[in-house]
Amino acid sequence: MSELTITLPDGSTRNLPEGATGADLAADIGPGLAKAALVVTVDGDARDLDRVLPDGSTVSIVTADSDDGLHTIRHSTAHVLAQAVLDLWPGATYAIGPPIQDGFYYDFELPGGATFSNEDLEAIEARMRRVIDADQAFERHEADADEALELFSGHPYKREIIEQVTSGAATGELVGEASIDGSITYYRNGEGFIDLCLGPHVPSTGRLGHFALQNVAGAYWRGDEKQPMLQRIYGTAWADRKALKGHLHRLVEAEKRDHRRLAAELDLVSWPESLGPGLAIWHPKGALVRKLIEDYSRDRHEAGGYDFVYSPHIAKAVLWETSGHLDFYADGMFPPMELDGATYYPKPMNCPFHVAIFQSGQRSYRDLPSRLFELGTVYRYELSGVIHGLMRSRGFTQDDSHIFCTPEQVPDELASLLEFTLSVLRAFGFDDFQAKLSTRPEGKAVGEDALWEMATDGLRSALESAGLDYVVDEGGGAFYGPKIDVDVTDAIGRPWQLSTIQLDFNLPEQFGLEYVGADGGRHRPVMIHRALMGSVERFFGVLLEHYAGAFPLWLAPEQVRVLPVAEEHQAYAESVVERLSAEGFRAKLTPADEPLGKRVRAGKVAKVPHVLVVGGDDMANGTVGDNARGAEAPERDLPVDEFVARLAVAMESKS
RNA sequence: GCCCGAGUAGCUCAGUUGGUCAGAGCAGGCGCCUUGUAAGCGUCAGGUCGUCGGUUCGAAUCCGACCUCGGGCUCCA
């Protein structure tokens, strides 16, 4: 009997009888692995465990410990979801159901345009559990296009996928739905459930079970708003009960950090209905934190060679015609208003104003680079369904700058700009960055090829010299120039896109910008749009969630709260507050007309960094008792001088 | 904008099948208590039950429209 030679990921080899499968290989390695195996990768391609291994291949056993394994569990769970829905709703049809971050979804269309309710989710979940308990095997089958169209005759979305795939026209998420090597693959399990699918799947439904259905949503077929709206069910699935519980717990924790909740609890910001959707008002404490953020931003920009400018909130249509906004951005703008026979628009961006400032006089190469900076409030007509607290609103303030420079200055300018960006973000407690470089799009783009190349190289070398991880989005740039976007990762691992650095070869053309070069001739400057926080409001929201409302000392609206133990300690407490205020700290006193425990609790709930308790001992010795936020127990008998010195250190380090 | 869901006091929520269902806790005001570390006691005040319309003898409760919010989709040159 001939043998197969299989190479394992560690480089060792194993011999197995011809016809051996991935499951056989796992069993040959050990019973534990055989039990844990979900799929295998053969020369890097994921396959079902029961498929025969080719001789000479490199095979790796995939278990739930790996991303591939979890991906498979989620994908297979999505199949079971579809099976349950098709069982429960005769006449329902299904579209696609891929694994996603932490889970999966599946899109359906119910007969008569019916929709799912939350109660339905419970019934579906129960049905899914029955399928899982039945431990049905996932069987892989192949068919040619005609057979496949016949098999899925009652399912138009599946047929559309088959037609797309067999014609080679499949794109994006459809590619993963079926084989494109000339045949269609599908999976069968249970009595008659089949689903078009490239696979692989776990061996049987019994390997699943640690899942939860989460919510129902509408989703356009193929993500196109002109296509029918399907009913999407989202779920999460994990390798074991503990991982599922952990995930559900993280969701609860993330909800506790929700900036809208914290904004209300900490009395920072609110959104009264009377203002309109996407429009916030800033209460004193929120405004104080915002001011500290803005002050820091201004200080850094001042030190960084920026010139401060201001511009109005509205301007005549002609400005937006010249800039091109009315051509390509009109849908995102607030509607115009007529005044004295002219048409005015609220500004969706600051750039045309900064261009106008550049144009206000003749510029020489000696004036460049010119870095104009403004905390500019813009108004955008965001669709009602996308508005989300401070994260996506209709009025927000960009920490916006437009840098006008010569083409030759671009590389150096970009390098220092990226350093500057990261340095500012680090000051706010972010140290995990991920960047994206977007290059020239296919088709129409403005600007010379050489300019694109130089600018893109400049962005790339800036990323590399900053030592930043980045991905390249080929062709992802705007028509007017390449860009870098910088994401930060927050305290619970979520990415937020904050900074953007964009080259613009278009606006200088549109406005006919010029500077006089050393040669006495007129030249066109290059423009760089950049924002570090992006939107101050959104940045505040991200910080609020990042810190879970517990702002570091330098940003805390109330830094110290002083509590006299009893009324007789009031005067001493006042003297401590006065001392702290004189040192430049934000300190307040809560008098002894409530029990101490209640006042301590109130201070902790308000997330004040230091709650000081002062009583008779302290009065005699010039000390305080410090309840530092996050500390297990109070620190008694701390001399005021020592406390002040510690605060100063923490302020300096922004910790 | 589209799909689904939700709106009861400043906040968190309870209100059975339409009929003492306008309630609780916290927060707030006042009084008592004078407190050494995460909720002292009492008392008062508050709401057009998102808005408008409809069904009904009677609507927080049922129906419709709208508004706002939430989860998604689309969008974010």
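Numbered from 1 within each chain, the chains take letters A, B, ... in sequence-line order.
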Could you walk me through whether A/T421 and A/S499 pass side chain to side chain donor-acceptor pair (under 3.5 Å), step by step?
CA-CA 7 Å; A/T421 301; A/S499 309; 5.3 Å; no
Atom CD1 of A/I233 and atom P of B/rG71: how far apart are they, to the nearest Å?
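Those two atoms, CD1 and P, are 19 Å apart.
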For A/Q227 and B/rC73, what is the distance between atoms CD and P respectively, to the nearest whole Å?
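That distance rounds to 17 Å.
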Nearest-nucleotide 5' precedence on RNA chain B, A/F328 against A/E225
A/E225
Closest-nucleotide ordering on RNA chain B, the 5'-leading residue of A/Y381 and A/W271
A/Y381
Output the single nucleotide from [options] whose closest atom is nearest the side chain of [X].
X	options	value
A/V386	B/rG72, B/rU34, B/rC73	B/rC73
A/P277	B/rU68, B/rA38, B/rA77	B/rU68
A/F479	B/rA39, B/rA77, B/rU34	B/rA77
A/V613	B/rU37, B/rA77, B/rG70	B/rU37
A/V605	B/rA38, B/rC4, B/rU35	B/rA38
A/K598	B/rC73, B/rC76, B/rG40	B/rG40
A/V565	B/rG7, B/rG36, B/rC73	B/rG36

[X] side chain near [N] phosphate (N/O to OP1/OP2, under 4.0 Å):
X	N	value
A/H388	B/rG71	yes
A/R636	B/rU37	no
A/R561	B/rA38	no

By the 4.0 Å heavy-atom rule, please label [X] as base, sugar-phosphate, or nothing.
X	value
A/D618	base
A/G324	nothing
A/R392	base

Side-chain heavy-atom pair [X], [Y] within 4.5 angstrom cut-off:
X	Y	answer
A/R74	A/W238	yes
A/P482	A/Q502	no
A/T93	A/P156	yes
A/S270	A/H283	yes

B/rG31: pairing nucleotide in any strand, Watson-Crick or G-U under 3.5 angstrom:
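Matched B/rG31 with B/rC41 under the 3.5 Å cut-off.
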